[in-house]
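A quick note: this is a predicted structure, and the numbers were derived from the prediction, not measured.
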Amino acid sequence: METSRKTTIDDVALKAGVSTFTVSQALRGRAGVAAATRERVQTVAKQMGYQVNSAASLMAQRKTQKNQRRLLIGHLFENHFESPFRAGCDAHGWEGKDFCVSDFSSPAVASRILWQQGVDGLIIAGGGAFVHPFWKSVMEFRWDRFSVVKIARALPELRFNLVRHSAFDYMMMTLRKTVASGCRRMAIVLLESRSESDDLERLGALLAFKEKMLPPAVHCEWRISGSTPITNRLLDAATLLWLKEYSPDAIVVYHWSMLYQLIEEGFGIPETTSITAVLNTTEHYEGLPVISGCDLSISSLYNRALEILEGQIGRGERGFVNHPAEYIIEPEWVEGETLRTR
C-alpha cells in the first residue's frame, strides 16, 4: 500500500528556488522579502498543499527571535578575518557562520550543505592570487541559490558586487600627508604585492603626484624593493643601502611592518627620519612607535558588505549580477608618532 508523504517547507523551498528561511518569511508576510518572491513562494505552497505548522512556527520564532537570518562567509584563500566578520554580523543583527573552503569536498557539495543549513547570503573574502584548488571548478557551486558580495578581487568570473579599498586613494593620501609635514627629501619604497592591479594603482598615484602635485622644494625618489623570502624581510639589502646613501628625512613604505627593519638598521625614527605607511594598522606594538599611515580597516569592508548584502537579500536578488558595482572604502588616516612636523 502506497502512502503519501506530507509536503515540507524544504519541498516548497526547493521548487520555488529559495531558502527555507525565505519560504518561512514569505508565508508569514514578513518584511525583507521581495514582492515577486513572496508571490512565487505563496503560489508554490498552495499548489503543493503546504500549510504552516502554527505550533512549530511559534517555537522556532522563540528560538530565533534575535537571529532571524543566517549568513555565511566563504574564505576562498589563505586569509582569515573571523573577528571583524562576527562583529559586523552582531552589529547588523545577523547570525554569522564562518567557514573555509577546505571544509568541503567540492563546490557542489558546499552549495548543497549551505543551502540545507538555510544560509541566505555569502561574503567572499580573501586576497591575493592564491586560489584554493577546490575553486578550480568554481562554476559547480550553485551561486543562484544565494545573495553574494565579494571583498576580494580574485576570481573575476564571479560577477558579484565588490567592496574594496582603493590602492590609488591610499597611496595619494599617504603622499599628501607626508609632504604636508614639511619634509624636503622623500623616499618611496614600494613592493610587488600579490595583487598586480593594486601595485599598478599605487605606482600610478606616485607618478601622478610627482608630476602634478609635488612641491618644487621637495626632492622625491622611489624604488621597488625585492623581499627576502628566506628571512621574511620586506626590504632587501640593495634598498636599505639606497636609503642610507640617499639619506631622506621622510620615508613612505608600502606596509607598516617595514618599520621593524628600518629601526634595526639604525634610522632615527622620528627624530631624524619620518615614516609613513600606505597600508597601516591601528594596533600598537610594545617597544615600537605608533606608525602614521592609512588604516587598512577590515571592519569597514565587512560592515559595508553586510549593508549591501542585506539589501540584496531583501530584494530577493540571487546569483550573478549582470552589471556588478564596486563600492570603494574611503581611506582613514592614523595620526601616529612616526611623522614629525618640520
Side-chain angles (χ1 to χ4, degrees), residues 13 16-26 30-38 41 64 66-77 79-101 103-104 107 110-111 113-127 135 138 141-166 297-330:
V18 297
S19 69
T20 54
F21 170 78
T22 302
V23 172
S24 177
Q25 297 295 87
R30 300 280 175 79
V33 180
T37 302
R38 181 182 296 107
V41 170
T64 61
K66 287 187 177 180
N67 299 308
Q68 294 182 352
R69 292 177 180 168
R70 310 186 72 163
L71 179 66
L72 168 94
I73 180 169
H75 289 290
L76 304 188
F77 313 117
N79 292 346
H80 190 77
F81 299 123
E82 181 176 355
S83 295
F85 162 69
R86 292 192 176 277
C89 288
D90 291 342
H92 287 80
W94 293 69
E95 178 186 353
K97 284 196 170 185
D98 182 80
F99 288 94
C100 185
V101 292
D103 295 329
F104 308 101
S111 56
I113 290 176
L114 301 180
W115 174 259
Q116 291 172 346
Q117 291 186 355
V119 171
D120 287 305
L122 301 171
I123 293 181
I124 300 179
W135 292 97
V138 69
F141 192 97
R142 288 292 304 276
W143 299 107
D144 59 306
R145 290 179 168 179
F146 308 95
S147 298
V148 185
V149 173
K150 295 200 301 183
I151 58 173
R153 274 176 286 180
L155 296 174
E157 64 270 31
L158 300 184
R159 302 187 309 277
F160 300 117
N161 292 328
L162 171 68
V163 180
R164 70 177 182 91
H165 299 96
S166 168
S297 177
I298 302 300
S299 297
S300 297
L301 280 175
Y302 281 103
N303 286 331
R304 188 72 179 100
L306 285 165
E307 291 174 358
I308 297 168
L309 190 61
E310 185 171 18
Q312 292 179 186
I313 292 175
R315 294 187 297 271
E317 297 173 358
R318 303 288 190 271
F320 293 133
V321 179
N322 290 331
H323 304 286
E326 289 194 5
Y327 300 85
I328 307 300
I329 301 297
E330 294 293 329

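- With a 4.5 Å cut-off on side-chain heavy atoms, F160 and I308 do not count as touching.
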Go through the steps for V149 and L306 under the test side-chain contact (heavy atoms from CB on, under 4.5 Å), then give the verdict.
CA-CA 8 Å; V149 173; L306 285 165; over 6 Å; no
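- A distance of 15.5 Å separates OG of S299 from CZ of R304, quoted to the nearest 0.5 Å.
- Taking the six-membered ring for Trp and thresholds of 30 and 60 degrees, W115 and F146 have ring planes more than 60 degrees apart, a perpendicular arrangement.
- Residues S147 and L309 have side chains in contact (heavy-atom distance under 4.5 Å, counting atoms from C-beta outward).
- G96 and C89 get closest at one heavy-atom pair: CA-SG, 3.8 Å.
- In terms of heavy-atom proximity, N161 sits nearest to Y327 at CB-CE1, 4.1 Å.
- Rounding to the nearest 0.5 Å gives a distance of 12.0 Å between CD1 of I313 and OG1 of T37.
- The CD1 atom of I328 sits 3.5 Å away from the CZ atom of R164 when rounded to the nearest 0.5 Å.
- Not a single donor-acceptor pair under 3.5 Å links the side chain of N303 to the backbone N or O of G88.
- In this structure, K150 and V163 have side chains that are not in contact, with every pair of non-hydrogen atoms separated by 4.5 Å or more.
- Taking the side chain as every heavy atom from C-beta outward, E310 and E307 never approach each other to under 4.5 Å.
- Using a 4.5 Å cut-off on side-chain heavy atoms (C-beta onward), F141 and V148 make no contact.
- The line from OG of S166 to CD of E326 is 9.5 Å long, rounded to the nearest 0.5 Å.
- Taking every heavy atom of both residues into account, V119 and G121 meet most closely at CG1-O, 3.4 Å.
- Using a 4.5 Å cut-off on side-chain heavy atoms (C-beta onward), L158 and F320 make contact.
- Atom CG of L122 and atom CD of Q312 lie 10.5 Å apart (nearest 0.5 Å).
- To the nearest 0.5 Å, atoms CD1 (I151) and CG (L301) are separated by 5.5 Å.
- Contact check for R318 versus D144: no side-chain heavy atoms found under the 4.5 Å cut-off.
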